[in-house]
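One structure is given here, and the rest of the page talks about it.
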Amino acid sequence: MKNIHSNIERAKKYLTNNDIVAIPTETVYGLAGNAYSNKAVKKIFSLKKRPLKNPLIVHYYRIKDLKQDCIVNETFNKLYRKFCPGPLTFVLNKKKNSKLSKYVNANKKTIAVRFPKNKITQNLLSKLNFPLAAPSANISTRLSPVKFDDVKEEFGNKIKLILDGGKTKIGLESTIVDLTNKISILRPGGITIEQLEKVLHRKLKLKNFLKNIKSPGQLGFHYSPGIPVRLNAKYPKKNEAFLQFLSKTKNKNNYFALTKNGNMREAAKNLFSILRLIKKKGYSSIAVSKIPNKGLGLAINDRLKKASYK
C-alpha cells in the first residue's frame, strides 16, 4: 500500500489511455476501464473471458455524473441516502443520450451502477472525467478476488496495474436491486434484503435467475474454486475438504470454518479466501455443511449454490 498517491496517478494515466487496471473496493477487487470507451470495455470482456451478454457494473463518484447517464426515481434517492457509498448496485433505465459504451450493458436499455466506498477507488474516481466499468477482477466463472495476490494470481502481467488496498472489508459482491420495474433483488450481497426492506417499508423478492439478464451474478455457474462443490453435506468424503459455518471439530486438517464465533460478517469476508485456500491445498472436492440462510447468509448460500451448479 506504499506510494498509493503516485499509483493513483499512474492508474489515471492508464485508464485515460483506455488501458485496464485492477482496483480495490469494499466488496471485491474490480477490473476497471473507462465505461465511456468501447475499446476499454471490450478489453475487460476479453481479459475476463466473459460473455458479452453478461453486463458490467459502472462505478461513479458523484451522483450528478450518474444522472447524466441514468434515470433516477424516489426509491433510488431513499436507498442512495441510506446506503451509498457502499455495497449496493442499482439497475436503472439508461438515458438515450448517455455516453456509456453499448458493451457495458449488453446493448440493453438498463444499466447497473454503484458508488464504491473504498477510499483509494473514490480518490481515483474523483480524478477522472468518466465512470469506471469494473466487474470482479477474475477470469469468468472463477472465485472473486479479495486481495492483491488474488488478482495477481488470476492475471499475472496481463494488466497494467493493481492498486493495493489490502484485503476487502466485506468479501462478497454488492447487492443488486432492480428499480426499473417492480422493485426486486437480482443478487444478494453486502447489504441484506432485511436492511433494504426496513428502509423501503415493503417486502422484496429475490429474482436472481432471469432469462433476460439485467446485471452481473445471474448466470448459473459462477464463483467456482476450480473443484466440485457439494452442498448440505453432513460429512466429507475421502480427500474432500469440509467447509462449515462454525466448526466444533478440532485437529482435523480437512475441516475449515467460515467463522470462529458465529459472526455472519466474518463468514462472508472469509468465504472466497477459504475456498481459494482449499483448492491450493490440493483437495479433490469441497463438501459444504448447511449454512444459515438469513442476512448475509443468503448471499453466502447464493455464491455456494452457483459454485456447485452443474
Side-chain angles (χ1 to χ4, degrees), residues 25-30 54-55 57 79 82-91 112 114-118 134-138 141-147 150 167-178 183-200 203-210 213-225 229 231-232 243-246 256-259 261-276 286 288-309:
T25 78
E26 72 279 19
T27 57
V28 299
Y29 275 70
N54 193 7
I57 295 174
L79 295 175
K82 179 68 177 177
F83 298 113
C84 296
L88 183 61
T89 291
F90 306 90
V91 175
R114 87 174 186 98
F115 299 85
K117 196 173 185 178
N118 180 279
S136 54
N138 59 298
T141 76
R142 292 187 190 171
L143 288 173
S144 298
V146 296
K147 60 182 188 294
D150 296 345
K167 190 172 182 180
T168 61
K169 288 187 176 181
I170 295 173
L172 289 177
E173 298 82 0
S174 58
T175 301
I176 301 178
V177 58
D178 184 0
I183 305 168
S184 60
I185 307 298
L186 302 185
R187 180 178 72 187
I191 301 291
T192 67
I193 292 179
E194 293 86 351
Q195 286 176 288
L196 296 171
E197 289 176 338
K198 188 175 180 181
V199 172
L200 297 178
K203 286 286 180 184
L204 297 174
K205 284 191 175 182
L206 177 61
K207 296 181 178 179
N208 60 344
F209 285 104
L210 295 178
I213 297 173
K214 283 188 169 184
S215 72
Q218 293 185 273
L219 296 179
F221 183 56
H222 209 9
Y223 316 111
S224 171
V229 175
L231 301 183
N232 299 320
L243 180 63
Q244 299 176 293
F245 175 67
L246 181 65
F256 299 83
L258 291 174
T259 172
N261 56 13
N263 184 300
M264 195 64 82
R265 291 201 170 276
E266 181 187 25
K269 186 174 182 178
N270 288 335
L271 177 65
F272 289 144
S273 292
I274 291 176
L275 290 175
R276 208 175 274 269
I286 303 171
V288 183
S289 68
K290 200 166 184 178
I291 308 289
N293 198 39
K294 58 183 180 179
L296 282 174
L298 196 67
I300 293 171
N301 280 312
D302 170 79
R303 304 314 188 264
L304 289 168
K305 185 177 180 180
K306 286 172 181 171
S308 69
Y309 185 85

task = Rounded to the nearest 0.5 Å, what's the gap from CG on Leu143 to OG on Ser224? Could you check?
result = 6.5 Å
request  = Mind running side-chain contact (heavy atoms from CB on, under 4.5 Å) on Ile286 and Leu275 for me, showing each step along the way?
outcome  = CA-CA 8 Å; Ile286 303 171; Leu275 290 175; 3.8 Å; yes
Taking every non-hydrogen atom, the tightest pair across Arg303 and Gly189 = NH2-CA, 3.9 Å
request  = Please identify each residue that fulfils side chain to side chain donor-acceptor pair (under 3.5 Å) with Asn118, with sequence neighbours left out.
outcome  = none
task = For residues Arg114 and Leu88, report the shortest heavy-atom separation together with the two atoms involved.
result = CB-O, 3.2 Å
request  = Starting from the C-alpha separation in whole Å, work towards a yes-or-no answer on side-chain contact (heavy atoms from CB on, under 4.5 Å) for Leu231 and Val229.
outcome  = CA-CA 7 Å; Leu231 301 183; Val229 175; 4.0 Å; yes
Contacts of Phe115 that satisfy ring pair (Phe, Tyr, Trp, His ring centres under 6.0 Å) - sequence neighbours left out = Tyr80
inquiry  = Is there a side-chain contact (heavy atoms from CB on, under 4.5 Å) between Ile291 and Leu258? Walk through the geometry before answering.
reply    = CA-CA 10 Å; Ile291 308 289; Leu258 291 174; 4.0 Å; yes
query = What are the two closest heavy atoms between Ala267 and Phe245, and how far apart are they?
reply = CB-CE1, 3.7 Å
request  = State, with a plain yes or no, whether a side-chain heavy atom of Gln195 is found less than 4.5 Å away from one of Thr175.
outcome  = no
request  = Look up atom CD in Glu194 and atom NZ in Lys203, then write down how far apart they are to the nearest 0.5 Å.
outcome  = 7.5 Å
key: For Ser144, all residues meeting side chain to side chain contact (heavy atoms under 4.5 Å, CB included), sequence neighbours excluded   = Val28, Ser136, Asn138, Glu173, Tyr223, Phe272
task = Sort out for me which residue in Ile191, Val199, Ile183 forms a side chain to side chain contact (heavy atoms under 4.5 Å, CB included) with Leu79.
result = Val199
ask   = Going through the checks in order, is the side-chain contact (heavy atoms from CB on, under 4.5 Å) test met by Leu271 and Val146?
value = CA-CA 10 Å; Leu271 177 65; Val146 296; over 6 Å; no
ask   = What pairs with Phe90 under ring pair (Phe, Tyr, Trp, His ring centres under 6.0 Å), at least two apart in sequence or on another chain?
value = Phe76
All side chain to side chain contact (heavy atoms under 4.5 Å, CB included) counterparts of Asn263, not counting sequence neighbours = Thr259, Asn261, Arg265, Glu266
remark   = Output for pair (Lys269 NZ, Ile274 CD1), nearest 0.5 Å, gives 12.0 Å
Atom pair OG1/CD1 of Thr89 and Ile57 - distance to nearest 0.5 Å = 3.5 Å
request  = Inspect the surroundings of NZ in Lys82 and state if more than 12 heavy atoms from other residues, nucleotides or ligands are less than 6.0 Å away.
outcome  = no
task = Could you pull out the closest heavy-atom pair between Ala307 and Pro225, with the gap in Å?
result = CB-CD, 4.2 Å
message = I'd like to check the side chain to side chain donor-acceptor pair (under 3.5 Å) partners of Glu197; sequence neighbours left out, ordered by chain and number.
response = none
inquiry  = According to side chain to side chain donor-acceptor pair (under 3.5 Å), who are the partners of Asn301, at least two apart in sequence or on a separate chain?
reply    = Asn293
ask   = In chain order, what residues pass the side chain to side chain donor-acceptor pair (under 3.5 Å) check against Lys294, with sequence neighbours excluded?
value = none
request  = Return the set of residues passing side chain to side chain contact (heavy atoms under 4.5 Å, CB included) with Ala268 (not counting sequence neighbours), or none when no residue passes.
outcome  = Leu172, Leu296, Ile300
query = By side chain to side chain contact (heavy atoms under 4.5 Å, CB included), which residues pair with Lys117, not counting sequence neighbours?
reply = Glu26, Pro85
remark   = Residue set satisfying salt bridge (Lys or Arg N to Asp or Glu O under 4.0 Å) with Lys147, at least two apart, ordered chain then number -> Asp150
